[in-house]
Amino acid sequence: MSKENTNTPAASNSSSTWAYAPAPEDTKHIRLQKQYGLFINGAFVKPNSKKYFATSSPSTEEKIAEVAEANEKDVDAAVKAARNAYNKTWKKMPAKERAKYIFRIARLMQERARELAVIESIDGGKPIRESRDIDVPLAANHFFYYAGWADKLQYAFPGKNPQPLGVAAQIIPWNFPLLMAAWKIAPALAAGNTVVLKPAETSPLTALKLAEIIQDSGLPPGVVNIITGFGKTGAAMVQHPDVNKIAFTGSTDVGKIIQKTIAGSNKKITLELGGKAANIVFEDVPIDQAVEGIVNGIFFNQGHVCCAGSRLFVQEGIADELIRKLKDRMNTLIVGNPLDKNTDIGAINSKEQLDKISSYIKIGVNEGAEIFQSACVLPKKGYFCKPTLFLHTSQSHRIVQEEIFGPVLAVQTFRTIEEVIEKANNIPYGLSAGVWTDKGSKIFNMTSKLRAGVVWANTYNKFDPSSPFGGYKESGFGREGGLHGLMPYLQ
Ligand code: NAI
Ligand code: MG
């Protein structure tokens with residue numbers, strides 16, 4: 001990649017206390033092809049469709065590469081390769097041999113961590129600090145973690161004689177492209193399944209890089225197939241009769257379509273869908289620490305996080321002080337070039353998503369909530385959004401009920417524990433929540449009453465391969481991560 005991101009550097013943030021000199025990450029070391037085929041049966045092949053589409057950088061709006069659009073025949077070829085590999089190699093291979101390949105993938109990811117991080121930030125728009133320090137290391141850790149389980153399944157599920165399911169079709173979104181690929185592929189392989197994975201259309205490049213790594217690892221051809229395309233490609237994967245398992249992360253709407261499609265078949269399914277998490281702050285909390293947690297909860301990764309703390313509940317006694325401090329902190333956030341190491345908030349992943357977020361900001365204003373946006377100056381090119389706060393919101397507001405998937409926080413105040421629990425639970429989603437308090441007993445009380453798959457206490461957005469993640473209600477079902485994450489891939 002020769003082109004450097006020339007957007008307004010992070011230093012342009014006029015309102016920050018200090019102006020930082022630009023500190024862009026080097027891009028010369030990354031290797032990208034102009035055009036990518038489909039990774040089927042261990043090789044990059046031309047699509048039967050003969051069609052390609054462009055993936056571009058949301059921070060510069062410039063085209064980065066072309067990727068293939070898989071049609072039904074391509075999907076069929078990938079599923080056939082996966083089935084063949086399952087029957088002829090992977091199923092028969094001793095588990096400890098399978099583990100070696102998974103370890104090798106993890107190590108190769110670590111070796112190429114810098115390249116993966118830069119490509120993730122260019123293709124998806126997230127700040128390099130996050131892709132470098134969170135996405136890529138966590139992705140490699142998932143492979144390490146599940147490699148360790150591959151030959152210990154009998155001990156993990158004693159007396160159950162765990163067996164793989166067969167071919168898994170995995171469809172992932174654009175908010176954590178490499179990490180979601182790791183979350184899906186690593187447990188599937190450890191459990192002895194083979195895989196056809198499709199990354200999202202706006203951020204396919206790190207999954208294709210992972211395909212190169214998988215090639216380098218010597219994994220038998222067909223065990224992992226990575227194909228690109230739009231929703232139609234995903235639908236063809238779901239409909240394919242020879243798929244045993246579907247794992248999907250994405251919108252609730254598509255999750256529902258998938259459920260309908262497979263009803264009556266014996267395909268197994270895990271869905272990880274939307275969220276609208278409550279981040280609840282009690283008066284006994286150290287306020288500055290809570291402010292950091294709130295900022296991390298909603299502005300991390302541009303709010304493109306299904307478990308984002310997008311609803312803030314503040315106990316009345318500290319509301320004024322906390323909101324004042326939160327606004328001050330928001331004004332110091334640096335929005336801009338994802339490749340700059342000082343950037344806090346990068347680019348919104350696509351124009352489509354930016355339009356969706358902007359329309360919700362208008363809805364919030366029309367609903368009568370009080371808006372506050374940080375004073376930062378946005379780059380002229382690319383898809384960027386100011387960190388946004390809505391005060392005096394109520395339960396009936398659409399910005400409180402619906403998933404925005406952007407850096408937009410809706411604030412409500414509360415008086416009692418009962419009141420906040422009721423409000424927090426009163427939405428169609430139940431993925432995650434946060435509780436901030438000095439009192440341990442309050443934490444335990446809250447965690448048992450909040451209808452959320454994950455509850456963070458005095459922290460937010462913390463992930464580890466060993467802890468399971470997943471939701472209640474419209475947030476989906478099935479768990480990823482930890483021992484629980486193996487179950488959906490085993491009989
Ligand atoms: P989406 O659900 O359309 O896309 C997710 C993945 O599913 C992509 O790989 C896409 O190509 C594929 N897909 C689309 N239609 C499909 C179908 N009919 N059958 C099978 N696969 C299909 O999500 P989109 O449109 O990118 O985002 C819309 C909203 O969804 C966001 O604004 C956000 O609110 C939510 N979302 C939630 C995510 C989460 O992590 N829970 C991730 C991405 C989006
Ligand atoms: Mg869509």
Side-chain angles (χ1 to χ4, degrees), residues 53 55 58 67-70 72 75 124-126 135 169-177 179-181 183-184 196-208 226-240 243 246-262 267 269-277 300-308 310 348-361 383 385 398-399 401-408 427-432 453-454 461 463 469-478 480:
F53 62 97
T55 180
V67 302
E69 181 180 346
E72 274 177 35
V75 169
K126 65 176 64 197
D135 294 60
Q170 308 182 317
I171 300 168
I172 58 171
W174 41 262
N175 55 343
F176 292 89
L179 183 58
M180 287 302 109
W183 276 29
K184 298 264 183 294
V196 178
L197 175 118
K198 187 191 90 63
E201 49 270 39
T202 56
S203 54
L205 293 179
T206 45
L208 293 166
I226 297 181
I227 60 174
T228 43
F230 298 86
K232 234 175 124 185
T233 307
M237 291 165 67
V238 172
Q239 281 156 16
H240 198 289
V243 160
I246 291 154
F248 172 79
T249 301
S251 63
T252 304
D253 289 347
V254 173
K256 285 178 180 167
I257 295 172
I258 292 177
Q259 254 181 311
K260 266 191 208 134
T261 310
I262 64 153
K267 286 176 188 163
I269 181 167
T270 29
L271 298 175
E272 206 267 273
L273 310 174
K276 191 76 184 175
F300 167 61
N301 197 24
Q302 298 70 248
H304 294 338
V305 188
C306 45
C307 50
S310 51
I348 301 300
N349 183 267
S350 64
K351 174 153 194 314
E352 210 182 356
Q353 187 61 24
L354 179 60
D355 290 345
K356 179 182 166 183
I357 298 167
S358 307
S359 81
Y360 270 107
I361 291 176
Y383 315 129
C385 179
R398 282 183 64 192
I399 52 165
Q401 289 291 325
E402 296 170 22
E403 183 177 54
I404 300 174
F405 230 62
V408 181
I427 43 153
Y429 295 111
L431 192 56
S432 58
V454 180
N461 277 337
F463 295 96
F469 182 84
Y472 282 106
K473 300 193 273 193
E474 290 205 5
S475 292
F477 47 80
E480 296 189 300

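Counting starts at 1 for both ligands and their atoms, in listed order. Below, each value reflects all heavy atoms present in this structure, side chains not excepted, and no hydrogens, waters or symmetry copies. Worth saying up front: this structure is predicted, and the values here are computed from it rather than measured.
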Atom indices of ligand 1 within 4.0 angstrom of [X] heavy atoms, with elements:
{"X": "Glu403", "value": "33 (C), 34 (O), 35 (C), 37 (C)"}
{"X": "Gly234", "value": "19 (N), 20 (C), 21 (N)"}
{"X": "Ile171", "value": "6 (C), 7 (O), 9 (O), 12 (C), 20 (C), 21 (N)"}
{"X": "Ala200", "value": "9 (O)"}
{"X": "Ile172", "value": "6 (C), 8 (C), 9 (O)"}
{"X": "Phe230", "value": "11 (O)"}
{"X": "Lys356", "value": "29 (C), 31 (C), 32 (O), 33 (C), 34 (O)"}
{"X": "Gln353", "value": "31 (C), 32 (O)"}

Open item on the list: Once you restrict to heavy atoms under 4.0 Å, what part of Thr252 touches ligand 1? Side chain, backbone, both or neither.
Closed with: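 No part of Thr252 comes within reach of ligand 1.
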Task: Residue portion contacting ligand 1 (non-hydrogen atoms closer than 4.0 Å) for Glu201 - done: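 It is the side chain that touches ligand 1; the backbone stays farther off.
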- [ ] Show the numbers, then the answer: is there a side-chain contact (heavy atoms from CB on, under 4.5 Å) between Thr55 and Glu201?
- [x] CA-CA 7 Å; Thr55 180; Glu201 49 270 39; over 6 Å; no
Pick, from [options], the option with the minimum heavy-atom distance to [atom].
{"atom": "atom 33 (C) of ligand 1", "options": "Tyr360, Phe405, Phe176, Tyr429", "result": "Phe405"}
{"atom": "atom 14 (C) of ligand 1", "options": "Ala235, Pro177, Gly231", "result": "Gly231"}
{"atom": "atom 37 (C) of ligand 1", "options": "Cys306, Gly250, Ser350", "result": "Gly250"}

Task: Aromatic Phe248 / basic Lys198 pairing, under 6.0 angstrom, 45° off normal - done: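 So Lys198 doesn't make the cation-pi contact.
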Open item on the list: Ignoring hydrogens and geometry beyond distance, is a side-chain donor-acceptor pair present between Glu402 and Tyr360 at under 3.5 Å?
Closed with: yes
Open item on the list: Please give me the minimum heavy-atom distance between Leu273 and Gly255, naming the atom from each residue.
Closed with: CD2-CA, 3.8 Å
TODO: Assign the ring pair Phe405 / His304 to parallel, tilted or perpendicular, where the plane angle (0 to 90°) is split at 30° and 60°.
DONE: parallel
Open item on the list: Angle between ring planes, Phe469 versus Trp183, binned at 30° and 60°: parallel, tilted or perpendicular?
Closed with: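 Ring orientation of Phe469 relative to Trp183: perpendicular.
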Is [Y] close to [X] at the side-chain level, that is, under 4.5 Å between some pair of heavy atoms?
{"X": "Ile348", "Y": "Pro58", "result": "no"}
{"X": "Pro199", "Y": "Val67", "result": "no"}
{"X": "Val75", "Y": "Val196", "result": "no"}

